[in-house]
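Counting begins at 1 with the first residue of the sequence.
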Amino acid sequence: MSGRFQASLPASVTKTTLYRAVGWLFRAYVASLLVIGGYSLLWILEIAGMLPAHLLSTAWIGMAAMGVVFLVISLPLYYAARTADR
């Protein structure tokens, strides 16, 4: 790492930590592109008349439901992982 950049980070931050953080950000970016691309494809098909409108609304509700399920599952796991009692 460069001297100035390395000096601005705490000693506990290593190259591996930075690589992992960038890796997770890249995965989130790719996942968001896939979700947005899939929804855009459904929207274009609906505009073209090849897809019924109710199917698009069902997909939207399904995406929202998956987000809620993810939050419901991940929040308790996050707080359980942060406790000192293991």
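- Atom OG of S32 and atom CZ of R27 lie 14.0 Å apart (nearest 0.5 Å).
- The nearest pair of heavy atoms linking M63 to V35 is SD-CG1, 3.8 Å.
- Across every non-hydrogen atom of L51 and L42, the tightest pair is CD2-O, 3.5 Å.
- Considering only residues two or more places apart in sequence or on other chains, T17 meets the side-chain hydrogen bond (donor to acceptor under 3.5 Å, both in side chains) condition with T14.
- Here the OH atom belonging to Y29 is positioned 10.5 Å from the CG atom belonging to L34, to the nearest 0.5 angstrom.
- Note that CG of L45 is 11.0 Å distant from OG of S40, once rounded to the nearest 0.5 Å.
- In the hydrophobic clustering of ILVMFWY residues, with side-chain heavy atoms under 4.5 Å counting as a link, V68 and M66 come out apart.
- In terms of hydrophobic clustering, with Ile, Leu, Val, Met, Phe, Trp and Tyr side chains grouped at heavy-atom distances under 4.5 Å, M50 and W43 are assigned to a common cluster.
- The other members of the hydrophobic cluster of I73, by chain and number, are V69, L77 (side-chain heavy atoms under 4.5 Å, ILVMFWY only).
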